[in-house]
Amino acid sequence: MTTKLRTDSRRGPQIISPGRLALYGTLTLFAALFILPFVWQLGGSLKTPAEIATGTFTLFPAELQWGNYVEVFRRAPIATWFFNSAFIAIVGTLGATLTSAFCAYGFAVLHARGSRLAFGMVLLTILVPYQVLIIPEYIVWAKLGLINTPLPILLPWFLGGGAFNIFLLRQFMLGLPRDMVDAARVDGANELYIFVRIILPMCAPALAIVAVFHFIYMWNDFLRPLLYLPDPSAMTLPVGLSGFVNKFARQWHLLLAGSVIALVPLLVIFALAQRVIARGISIAGVRR
């Protein structure tokens, strides 16, 4: 059995220092502790009710019970809730990402008169808790007859994209080189062309971060769908799963199976966008 050492073409073999090994070991331990609840959740979703009732801590069942997932789909409209959540999350993410990029471009590149004051007012909206706006907002949507439709949840994200998203994209755009923008203006390009063909491609890492974080937020959103989508056929997955607590009382294997189904899209999104997120954070770290 041979031990591999780090090699460098210029410096030759290098031995990893004990301090770095300790650091890697600590990080691995924390990663394992973070993953442990998800592994237990997955294992519990494949157990029988009797195995869970024993109270002993075991990660994996004696025999895999894939029928638990079939039972969840049979006893609840999981597929409908899943589709509703996916539709709201995807459409809302597209609207928030696009419109926040528009607003960020105006604040970071155009520098219109009063833009600093307007940007400050946008940031102030972060300080307003959503709970303060629930009643007046609900009355407006109810008078428009849009309850039991996804429009009250989706339309606000097409009207600016959210203050945090605007702030993040504006700060990223401020660090972009202005030479290409100035050259495009000298060549006669209009602002829409500059925004679509120059700014957006350079902002791809920041846009990916905004899209991923906003998708996660909308997928997990509970309050708005609870208020505006009371019809069982229009419910989202988080709202529908909340009813499992009463409907499937003490049937923990079914509760865990439903929770695992809700986690799958988030795990897929993170796995696909992991490199993009890391690249965006590393680039944003050197921006002013």
Side-chain angles (χ1 to χ4, degrees), residues 31-94 147-154 157 211-277:
L33 292 176
F34 179 79
I35 296 174
L36 182 61
F38 299 101
V39 176
W40 182 86
Q41 181 182 14
L42 177 61
S45 68
L46 296 172
K47 292 180 180 180
T48 62
E51 284 184 281
I52 298 177
T54 58
T56 57
F57 182 80
T58 55
L59 290 179
F60 302 103
E63 184 177 351
L64 299 179
Q65 303 293 324
W66 296 106
N68 292 344
Y69 289 90
V70 178
E71 184 68 13
V72 169
F73 278 94
R74 187 183 68 84
R75 299 179 60 174
I78 294 290
T80 301
W81 296 343
F82 192 96
F83 174 80
N84 294 339
S85 292
F87 174 78
I88 290 175
I90 292 173
V91 175
T93 298
L94 291 175
I147 304 300
N148 258 333
T149 70
L151 292 179
I153 303 173
L154 296 177
W157 299 116
V212 171
F213 286 174
H214 195 79
F215 180 89
I216 294 173
Y217 167 76
M218 295 211 68
W219 181 267
N220 292 327
D221 189 16
F222 179 81
L223 184 56
R224 286 184 177 88
L226 180 66
L227 289 174
Y228 298 117
L229 300 173
D231 192 330
S233 62
M235 284 182 178
T236 59
L237 197 54
V239 178
L241 289 177
S242 68
F244 274 28
V245 177
N246 296 324
K247 186 176 181 180
F248 297 148
R250 296 185 180 181
Q251 300 185 39
W252 299 109
H253 60 301
L254 299 182
L255 294 173
L256 293 173
S259 300
V260 170
I261 294 172
L263 282 176
V264 169
L266 303 182
L267 296 177
V268 172
I269 290 294
F270 180 78
L272 296 177
Q274 181 176 345
R275 292 185 179 180
V276 178
I277 294 174

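The residues of the chain are indexed from 1 along the displayed sequence. Bear in mind the structure is a predicted one, so any value in this text is a computation, not a measurement.
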> Between L254 and R75, what is the shortest heavy-atom contact and its length?
Replying inline: CD1-NH1, 3.5 Å
> Going by heavy atoms in the side chains, are W40 and L256 under 4.5 Å from each other?
Replying inline: yes
>> If we ignore hydrogens and angles and just use 3.5 Å, is the side chain of S45 paired with the main-chain N or O of L42 as donor and acceptor?
In response: yes
> Between I88, I153, L154, which is the residue that forms a side-chain contact (heavy atoms from CB on, under 4.5 Å) with R224?
Replying inline: I153
> Donor-acceptor pair, N68 side chain versus K47 backbone, under 3.5 Å?
Replying inline: yes
>> Minimum heavy-atom separation for G258 and L241, please, with both atom names.
In response: O-CD1, 3.6 Å
> Parallel, tilted or perpendicular: which describes the rings of H214 and Y217, with under 30° parallel and over 60° perpendicular?
Replying inline: tilted
> Any idea which heavy atoms bring F73 and A79 closest together, and the distance?
Replying inline: CE2-N, 3.9 Å
>> Between F222 and T236, does the side chain to side chain contact (heavy atoms under 4.5 Å, CB included) criterion hold? Intermediate values first, please.
In response: CA-CA 8 Å; F222 179 81; T236 59; over 6 Å; no
> Out of curiosity, W66 CH2 to L46 CG, how far, rounded to the nearest 0.5 Å?
Replying inline: 5.0 Å
> Going from CD1 on I78 to OH on Y69, what distance comes out if it is rounded to the nearest 0.5 angstrom?
Replying inline: 11.5 Å
> Out of curiosity, L229 CG to S85 OG, how far, rounded to the nearest 0.5 Å?
Replying inline: 9.5 Å
> Within the side chain of W219, is there an N or O that forms a donor-acceptor pair under 3.5 Å with the backbone of L237?
Replying inline: no
> So how far is it from E51 CD to E63 CD, rounded to the nearest 0.5 Å?
Replying inline: 8.5 Å
> Can you name the closest pair of heavy atoms from P49 and H253 and give their distance?
Replying inline: CG-CE1, 3.3 Å
> Which atom names give the shortest non-hydrogen contact between A211 and T93, and what distance separates them?
Replying inline: O-CG2, 3.3 Å
> Would you call the rings of F34 and F38 parallel, tilted or perpendicular, where under 30° means parallel and over 60° means perpendicular?
Replying inline: tilted
> Would you say the side-chain atoms of D231 pair up with the backbone N or O of N148, donor to acceptor, closer than 3.5 Å?
Replying inline: no
> Do the side chains of V260 and Q41 get nearer than 4.5 Å, heavy atoms only?
Replying inline: yes
> In terms of heavy-atom contacts, does CZ of F83 have more than 12 from other residues, nucleotides or ligands at under 6.0 Å?
Replying inline: no
